[in-house]
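Encoded as structure tokens, the structure appears first; notes follow it.
Chain naming here is simple, since letters A, B, ... match the order of the sequence lines and numbering starts at 1 in each.
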Protein chains: 2
Amino acid sequence: MNKKNVTFSDIAAYTNFSKTTISRYFNNPDSLTEENQKIIADALTALDYKENKVARILANGKTEFIGIIIPSLFFRFFSEMLDKILGTYETYGYKFLVFLGDEKKEAEEKYLQELLAYKIEGLIIMSHTISSGELASYHVPVVAIEREAEHIFSVETDNYKGAFEAAQILSEDGCQALFHINSFPDEQEPDYKRITGFCDCAQKSGLPYRVLRENFGFEYEDTHSKLKRMFEEIEKEYPDKRKGVFISNDTHANIFMNIVLRYGRRVPEDYEIIGFDDSPASREAIIPFTTVGQDTKRLAEAAMELLVRQIEARKKRHADQELQPEHRVVEPAVIRRESTLNLVQHKTQEEK
Amino acid sequence: MNKKNVTFSDIAAYTNFSKTTISRYFNNPDSLTEENQKIIADALTALDYKENKVARILANGKTEFIGIIIPSLFFRFFSEMLDKILGTYETYGYKFLVFLGDEKKEAEEKYLQELLAYKIEGLIIMSHTISSGELASYHVPVVAIEREAEHIFSVETDNYKGAFEAAQILSEDGCQALFHINSFPDEQEPDYKRITGFCDCAQKSGLPYRVLRENFGFEYEDTHSKLKRMFEEIEKEYPDKRKGVFISNDTHANIFMNIVLRYGRRVPEDYEIIGFDDSPASREAIIPFTTVGQDTKRLAEAAMELLVRQIEARKKRHADQELQPEHRVVEPAVIRRESTLNLVQHKTQEEK
DNA sequence: TTGTATGCGTTATCAG
DNA sequence: CTGATAACGCATACAA
């Protein structure tokens, strides 16, 4: 029963055609007479043929593989991006080989080699341990999502704008002190622009403001205690003012808001809170909170579009004239929910 | 510059060895003298050789691919499972081709064919549209996770036990009416056992109990309104009793709890709430809630173990004697948090 | 320890 | 419209 797999040879023998004709049946069926198409079709089911794409790859060089290296699925933004990227199979047909980077450079380097060995046609990279310079040196179509991408194609949200608008809402709503919570991003990382966007707007507003930084890990307990410390700091500094806090991801924003509430402060009366990502956490929180929405679907589509363009170009041109990297920026959309409320207008209206 | 890739032939020519020797350098280096190993190693860097695993696959038949079909990454349980499965690369070296099932049978069937065409060595299936009978018919090593698996290997949490214990906590804590919220699972699906586990325990307790069912989709607004309707129903039925609600996933439990709280009911005084999954939502909720923990890491490890066993067995035996499917059950761990509190004991202690 | 010959299952090239 | 033959890049039995 452990027969070899049925191959084109077997079908050829069975139908008295040549292997070439069988191949043509799959790749260019119209070049056969309908009669013969039927004969082969019947033979296929009679012999229970299963196609072997590995052999096809070796013969024509097209793997239809795209490699993905993503830091983890811990943050909702990542799992949502992966979800959307995988969803493009229906439109492009590319198969995805997925690796979890886990922030370890050597490991990611290894994964990259592995992907290259499998002759991926393109690479989507979301982790940031491997520099864009190095990535470019492999001469494989690649697009980075929300990370440093000086030398390669990339897609990212307009983080500066999103952060600027967040700060603007906080100040216009009548907050008296502004805060931004983030980690320690490099200058080229998108997260960095959230800081500059916030600061530029806060500066303009004339309000006191501060950026609170911390290296958050993936551990809840740890994250919680770090955020709690920040909350206490803010409370001590401005006990009686209305505070506006912009936090660079929804997971942390949710935890922070819960701390605020459990310590008896009110949202949005005492604290306005704005997150980033528009992940489910922002909707499903006890007080659904305002967030800067990343359009994961559009980011994924743009990434695939840029990748496919490179792949196509590579088939036509010589390898020595590579395309100029394009950096696509996707607009963020601030989604207002209950954690922000313009008390200035509110009062004015009540007075009328 | 668009030279052909460097192959064993080129290296052989460069070093005056044969292709076989070059092959051996990679697969059995000790069979060469150290001298010659060094010569080849130098040639490799000199020629900038990149390995081609596709050719190797065709030659030796081992793709080292494992296919994954997962419904979506919407529920945290899925993305966490995927995270843990991908994490096993470090121990087993298998590469993962990932497809999103999206609940569409025809689509999933297509993905399966695609995976088979790429000669995956094994399949991990978490979606449930394709029956285990059909899956078995493909004679590919396969393991199902948390789904119907009569004819194939599987891994699942002891859902009955988890649900039973959840109901037990609710009744022992002094709830006066028990509820379970779930969808409409088939009898063979693990979710079904959450219902029977709950019912058996509730029955035993002698308390009034009910199972509330609804087809929840992936849309937040819709889910929210359905859960709200359930809350209103419960409220109307037992306005003055202490209610215990066991909900079959943390996402829904979190939404439900927020509804309860926003309607001025207290947790755990008026409502005890228990979720399922131990996903971050259960920890990060405004009131961290008790949940039946699925040990995703162990589930992933068990799945890979069973899969690898099948793959190994297949190499040794004849295909006609397949292994008997094994069904691995992983213990759930109830994680008690603030949404449950034994008011009976509590009062007794206070009286002392 | 090293080499020769052949096969893996397709596709591509060139004829007819 | 169809066929013969040579790639594709590596692994493996068999020899030496």
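When the side-chain nitrogen and oxygen atoms of B:Ser18 are compared with OP1 and OP2 of C:dG3, one or more of them lie within a distance under 4.0 Å. Taking side-chain N and O atoms only, A:Tyr49 has a distance below 4.0 Å to OP1 or OP2 of C:dT10. Between B:Asn27 and D:dA11 there is a side-chain N or O to OP1 or OP2 distance below 4.0 Å. Regarding contacts with the backbone of D:dG3, a side-chain N or O of A:Thr21 is found under 4.0 angstrom from either OP1 or OP2.
Look at CG on B:Asn60: it is 16 Å from C1' on C:dT6, rounded to the nearest Å. One atom, CD1 of B:Ile40, and another, P of C:dT1, lie 13 Å apart when rounded to the nearest Å. Remark: P of C:dT11 and CD of A:Glu64 are 11 Å apart, rounded to the nearest angstrom. Following rounding to the nearest Å, A:Asp30 (CG) and D:dT2 (C1') show an atom-to-atom distance of 15 Å. The distance between atom CZ of A:Arg56 and atom P of C:dA12, rounded to the nearest whole Å, is 9 Å. Rounded to an integer number of Å, the gap from OH of A:Tyr25 to C1' of C:dG9 is 18 Å. In this entry the distance linking CG of B:Leu116 with C1' of C:dG9 reads 16 Å, nearest Å. Taking atom CZ on B:Phe8 and atom P on D:dC8, their separation rounds to 15 Å, with Å as the unit.
In this structure the side chain of B:Ile66 reaches within 4.5 angstrom of the side chain of B:Met304, judged on heavy atoms.
Heavy atoms of B:Phe17 sit under 4.0 angstrom from primed sugar atoms or phosphate atoms, though from no base atom. Across all strands shown, B:Asn16 has heavy atoms under 4.0 Å from sugar-phosphate atoms exclusively, and none from any base.
At a cut-off of 3.5 angstrom, the base of C:dT10 holds at least one donor-acceptor pair with the side chain of A:Lys19. Interface remark: the A:Thr20 side chain does form a donor-acceptor pair with the D:dA4 base, using a distance-only criterion of under 3.5 Å.
Nucleotides of DNA chain C nearest to A:Leu58 and A:Lys62 differ in position, and the one nearer the 5' end is that of A:Leu58. Toward the 5' end of DNA chain C, the nearer of the two residues A:Ser23 and B:Arg24, judged by each one's closest nucleotide, is B:Arg24.
Note on ring orientation: taking the six-membered ring where Trp is involved, the planes of A:Phe26 and A:Tyr49 are tilted (angle from 30° to 60°).
A centroid separation of 6.0 Å or more is found between the aromatic rings of A:Phe96 and B:Phe99. In this structure, B:Phe65 has its ring center closer than 6.0 angstrom to the ring center of A:Phe65.
A distance of 9.0 Å separates NZ of A:Lys84 from CE of A:Met81, quoted to the nearest 0.5 Å.
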